[in-house]
Q: 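Pasting a structure here, questions to come.
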Amino acid sequence: MQRSPLAAVALAVLLMTAGCSGVFGGDGTPSSAEPTPVDGDAANTVPGVENGQVTNATALLAAHERGLVAAGFENRLQLNATVAYRGEAVKSAREKQVITEPGASAYRFRVVNQQGGGDVRFDHWGNETVWVSRGLLGDRTTYQVRDRRAGTSGLTVSGVMANYINGSEATVTNVSERDGQTLVTFETTTPPTDPDALPDNATNVRDYRLRFVADSQGRIHALVARGTYDIQGESSSFSVGYRTVGLGDRSVTQPDWASQALQNGSA
């Protein structure tokens with residue numbers, strides 16, 4: 001599968017300006033190619049943006065979702081935080097990787113949750129009419145079959161990004177052009193107000209920063225958010241990293257485990 005040069009440039013911009021390479025676990029090597037600066041007014045062509053500021057996050061994220069689904073894509077999301085669990089502060093992490101054919105006619109994705117030294121993995125495959133899941137916890141394996149398609153907000157991660165972009169008042173900090181595409185960098189230090197953006201019982205949010213890069217169609221190529229908060233009487237931090245690894249035609253085959261689950265039904 002081809003990787004998007006725009007995604008590499010977008011990630012490079014974020015890593016150079018935000019210092020957040022750790023969000024991607026060392027997998028986000030910046031591109032050596034330099035984008036060309038362009039007129040800042042070009043930022044206002046991004047859906048949901050007026051006068052260099054995100055004024056309609058719903059429109060921006062809807063454009064992101066439409067654009068990725070129409071093209072076919074591969075993306076990656078990582079979240080790291082400390083949560084309250086049974087009266088203690090516990091490290092928690094989630095990683096999600098998605099590959100989707102154009103129109104979401106077929107897709108595969110994997111979600112790995114880690115908390116307190118244990119991990120749970122969920123593998124998914126589906127098409128326009130069925131969605132099959134496999135859960136792996138230790139030596140236990142479970143399957144689920146749904147007679148519907150997975151939601152495109154989950155595939156494109158627009159639902160998660162909405163937690164941070166909604167009400168963010170993010171403003172344009174850089175506009176450049178690469179391979180005929182306008183890339184716009186947005187930034188804000190306004191902490192998120194959505195209750196799903198931070199762990200339950202997190203207080204005193206500080207040192208927060210959000211940066212993301214979108215193209216003129218509204219497709220978000222990279223996003224990094226980091227902050228500090230208090231939980232269970234301790235100072236903790238969280239990080240969110242998203243990357244559109246590539247856009248364009250993808251081919252998704254049905255894995256053997258999904259075929260078996262469809263034959264046997266959910267278990």
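This chain uses plain numbering: 1 for the first residue, then up along the sequence.
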Q: Same cluster or not: are V112 and V90 linked, directly or through other Ile, Leu, Val, Met, Phe, Trp or Tyr residues, by side-chain heavy atoms under 4.5 angstrom apart?
A: no
Q: Calculate, to the nearest 0.5 Å, the distance between atoms CD and OG1 belonging to Q232 and T203 respectively.
A: 10.0 Å
Q: CG of D194 to OG of S168: how many Å apart, nearest 0.5 Å?
A: 11.5 Å
Q: Within a strict 4.5 Å, meaning less than it, do heavy atoms of the V245 and F73 side chains meet?
A: no
Q: Return the orientation label for the H124 and F109 ring planes: parallel under 30°, perpendicular over 60°, tilted otherwise.
A: parallel
Q: Please examine the side chains of L223 and L210, heavy atoms only from C-beta on, and report whether any two atoms are closer than 4.5 Å.
A: yes
Q: Does any N or O in the side chain of Y107 come within less than 3.5 Å of the main-chain N or O of V252, such that one atom is a donor and the other an acceptor?
A: no
Q: Does H221 form a side-chain contact (heavy atoms from CB on, under 4.5 Å) with Q181? I'd like the steps, not just the answer.
A: CA-CA 12 Å; H221 291 258; Q181 278 278 12; 6.0 Å; no
Q: To the nearest 0.5 Å, how far apart are OG1 in T55 and CD in E169?
A: 11.0 Å
Q: For residues L136 and Y143: do they belong to one hydrophobic cluster (side chain heavy atoms under 4.5 Å, members Ile, Leu, Val, Met, Phe, Trp, Tyr)?
A: no
Q: Give me the atom names and distance for the closest heavy-atom approach of A150 to W131.
A: CA-CE3, 3.6 Å
Q: I'd like to know whether CG of D256 has more than 12 heavy-atom contacts from other residues, nucleotides or ligands below 6.0 angstrom.
A: no
Q: V145 and A261: which non-hydrogen atoms are nearest, and at how many Å?
A: CG2-O, 3.9 Å
Q: How many angstroms lie between atom CD1 of I99 and atom CG of L155, to the nearest 0.5 angstrom?
A: 12.0 Å
Q: Could you check whether any side-chain heavy atom of N163 comes within less than 4.5 Å of a side-chain heavy atom of P192, counting everything from C-beta outward?
A: no
Q: One pair to check against side-chain contact (heavy atoms from CB on, under 4.5 Å): L77 and V240. What are the steps and the verdict?
A: CA-CA 8 Å; L77 172 73; V240 180; 4.1 Å; yes
Q: On a heavy-atom basis, which atom in K96 and which in G154 lie closest, and how many Å separate them?
A: NZ-O, 2.8 Å
Q: Mind checking what makes salt bridge (charged side-chain N to carboxylate O under 4.0 Å, His left out) contact with D230, not counting sequence neighbours?
A: R206
Q: Hey, does T171 have a side-chain heavy atom less than 4.5 Å from the side chain of T188?
A: no
Q: For P255 versus R108, what's the shortest heavy-atom pair and its separation?
A: CB-NH2, 3.9 Å
Q: Decide yes or no for Y242 and F212: does some side-chain heavy atom of the first lie under 4.5 Å from some side-chain heavy atom of the second?
A: no
Q: Going by heavy atoms in the side chains, are V46 and V172 under 4.5 Å from each other?
A: no
Q: Between F238 and Y229, what is the ring plane arrangement, given parallel below 30°, perpendicular above 60°, and tilted in between?
A: tilted
Q: Donor-acceptor check, side chain of N80 to backbone of A93, threshold 3.5 angstrom: yes or no?
A: no
Q: Output the distance between atom OG1 (T228) and atom CZ (R209), rounded to the nearest 0.5 Å.
A: 12.0 Å
Q: Might you point out which heavy atoms bring S216 and P47 nearest each other, and give the distance in Å?
A: O-CD, 3.5 Å
Q: Hey, does R226 have a side-chain heavy atom less than 4.5 Å from the side chain of S237?
A: no
Q: Looking at V49 and A43, what are the two nearest heavy atoms and their distance?
A: CG1-O, 3.6 Å
Q: Salt bridge check, D123 against R121: does any charged N sit closer than 4.0 Å to a carboxylate O?
A: yes
Q: Between P102 and D249, is any pair of side-chain heavy atoms under 4.5 Å apart?
A: yes
Q: Are the charged groups of R76 and E95 less than 4.0 angstrom apart, N to O?
A: yes
Q: Against L68, only a single residue in T100, T156, V157, I220 fulfils side-chain contact (heavy atoms from CB on, under 4.5 Å); can you say which?
A: T156
Q: Measure the spacing between CD of Q97 and CG of N75 and express it to the nearest 0.5 Å.
A: 9.5 Å
